[in-house]
2 protein chains.
Amino acid sequence: MKKQASPAKRSTTRPKPAPGYHHGELQEALIAASEAILAEQGAEGFTLREAARRAGVSPAAPSHHFGNAPGLLTEVAIRGYDALADALREAASGKQGPRDKLHAQGLAYVEFALRHPGRFQMMFANKRLVADDARLRQASRAAGHAFEIVVAELVGSTPKQAKTAAAAAWSTVHGFAKLALEDKFGSVKTDGGRREIIMTLDQVLNYLWPVSGARR
Amino acid sequence: MKKQASPAKRSTTRPKPAPGYHHGELQEALIAASEAILAEQGAEGFTLREAARRAGVSPAAPSHHFGNAPGLLTEVAIRGYDALADALREAASGKQGPRDKLHAQGLAYVEFALRHPGRFQMMFANKRLVADDARLRQASRAAGHAFEIVVAELVGSTPKQAKTAAAAAWSTVHGFAKLALEDKFGSVKTDGGRREIIMTLDQVLNYLWPVSGARR
DNA sequence: GTATCTATCTTAACACTGTTTAGATAGGGC
DNA sequence: GCCCTATCTAAACAGTGTTAAGATAGATAC
């Protein structure tokens with residue numbers, strides 16, 4: 001009565017009426033909007049209200065699907081870990097020996113972080129996620145597992161030593177990525193800076209896990 | 001006239017009148033309050049208003065001394081880097097050979113991160129700091145330099161290789177600390193968990209930089 | 001000793017944020 | 001046709017960082 005069925009009428013402030021809500025597309029729209037914000041503004045720039053705005057809904061709408069902001073971000077983080085695991089597996093699949101595989105994985109890990117800084121930082125921001133979410137933990141473990149497989153092949157001895165070596169590899173590439181994102185190895189904003197950073201990483205990996213026989 | 005000189009009167013909501021403002025103690029009080037918040041609540045829990053509250057001043061007071069929240073946090077981060085550099089230097093000074101020194105520094109780095117998680121996380125949160133502040137960059141470089149000195153002694157060859165080795169060492173311990181703080185190596189909340197984590201770190205360091213001759 | 005000047009702090013307001021409550025709306029099942 | 005449930009909106013709340021304007025006190029100058 002008060003509002004006739006004028007579908008274009010409501011797009012006063014909302015960007016996308018996006019026909020087909022009430023059909024289960026809002027989750028995807030919110031996740032996509034969140035990833036876009038992370039890509040544009042970084043992890044600190046994310047805002048639940050902005051995600052709702054981009055999806056064309058009210059600020060309270062997300063709560064019905066994700067509970068709260070950490071709930072939504074957890075979903076984003078899960079997909080991030082899945083994408084990371086894929087990248088690690090694909091990097092290893094392109095090489096033959098375990099050393100080459102590990103080297104490729106290290107490069108892939110840091111390249112992922114530099115390509116998606118906001119998402120990457122959010123994946124490791126436990127306080128902004130539902131840290132004990134079962135699916136999140138599983139996705140994180142799966143990404144770490146991609147490392148362990150290759151490292152186990154490399155070390156080849158006791159599983160305890162494999163665990164240690166995997167922790168070492170993960171720590172090194174993760175620390176490098178984090179430090180690079182904080183500009184500790186030069187500016188990460190320019191193309192040239194990123195190229196320089198990747199070259200430094202290549203040297204670091206060759207130093208710690210030399211591909212050809214001799215070490216140092 | 002309106003207010004008699006009743007010094008206890010104003011402590012209605014303010015915790016510490018702290019005689020001696022207007023004397024330059026507010027900066028220190030705000031820094032101390034910020035460090036206390038970081039220690040209690042972590043980096044995400046920091047709030048400029050809460051810092052002002054603890055220092056017993058209005059929310060606008062900090063702006064006169066630090067400009068804005070990043071300004072205050074930058075001062076906190078600088079002191080954090082100074083403390084970290086001290087810890088690294090002291091760790092090295094207690095040992096003899098370069099391998100032992102590096103090992104001790106690695107332990108000291110992670111122990112610092114686990115002992116002061118909030119401060120540590122804030123030190124590497126460029127977006128919440130005045131990232132291009134000259135004193136901050138200097139303090140950060142000084143902490144990294146503590147690593148480079150030991151690594152140069154260890155590698156002993158070209159300065160380029162020393163740079164690479166220092167980047168490797170820093171990345172490994174930084175990554176380990178970051179992952180540990182996000183519970184990737186078990187819970188960091190319990191004493192037992194932390195002990196376990198340090199043991200894992202010890203193995204990682206021995207794996208990458210073995211103290212006694214043979215490697216792996 | 002009084003007046004002025006400057007650093008320091010407060011009050012009040014603004015535009016944001018995440019979350020909750022209650023109510024409106026629409027689509028599917030009976 | 002009706003009801004029922006999922007979905008979304010509107011409005012409000014407490015809290016945030018920051019700014020503008022005004023008050024206050026300490027030191028300085030005369």
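Model, not experiment: these values are computed from the prediction. Order of the sequence lines sets the chain letters (A, B, ...), proteins ahead of strands, with each chain counted from 1.
- B:Phe66 has its CZ atom 14 Å from the C1' atom of C:dT8, to the nearest Å.
- Nearest to the side chain of B:Leu48, among C:dT19, D:dG17, C:dT10, sits D:dG17.
- Of the two residues contacting DNA chain C, namely B:Pro59 and A:Phe46, the nearest-nucleotide position lying further toward the 5' end is that of B:Pro59.
- Nucleic acid contact class of A:Ala60 (heavy atoms, under 4.0 Å, all strands): base.
- A:Glu35 is listed as a side-chain neighbour of A:Arg79, based on a closest heavy-atom distance under 4.5 Å.
- Separating the CD atom of B:Gln41 from the P atom of D:dG15 is a distance of 14 Å, rounded to the nearest angstrom.
- B:Ser187 places a side-chain N or O within donor-acceptor distance of the main-chain N or O of B:Lys189, the cut-off being under 3.5 Å.
- D:dG17 atom C1' lies 14 Å from atom CD1 of B:Ile37, rounded to whole Å.
- Following rounding to the nearest Å, A:Arg49 (CZ) and D:dA11 (C1') show an atom-to-atom distance of 11 Å.
- Annotation: the span from B:Leu208 atom CG to A:Thr164 atom OG1 amounts to 10.0 Å, rounded to 0.5 Å.
- Computed from coordinates, the B:Glu25 CD to C:dA7 P distance equals 19 Å when rounded to whole Å.
- If you find the closest nucleotide of DNA chain C to A:His64 and to A:Glu50, the one lying nearer the 5' end belongs to A:Glu50.
- One can place CG of A:Leu72 at 10 Å from P of C:dT19, the figure rounded to the nearest angstrom.
- When distances run from any side-chain atom of A:Arg53 to the nucleotides C:dT10, C:dT17, D:dT9, the shortest one goes to C:dT17.
- Comparing C:dT19, C:dC9, C:dT17 by their closest approach to the side chain of A:Thr47 singles out C:dT17.
- Applying the ring-ring contact (aromatic ring centres under 6.0 Å, His included) test to every pair with at least one member in residues 26-82 of chain B, sequence neighbours left out, gives these pairs: B:Tyr81-B:Phe124.
- With rounding to whole Å, B:Asn68 atom CG is found 16 Å from C:dC16 atom C1'.
- Contact annotation: A:His65 does not reach the phosphate of D:dA6 (side-chain N/O to OP1 or OP2, under 4.0 Å).
- Look at CD on A:Gln27: it is 7 Å from P on D:dT7, rounded to the nearest Å.
- Ion pairing between a basic and an acidic side chain is recognised when a charged N comes within 4.0 Å of a carboxylate O; B:Arg54 and B:Glu50 show such pairing.
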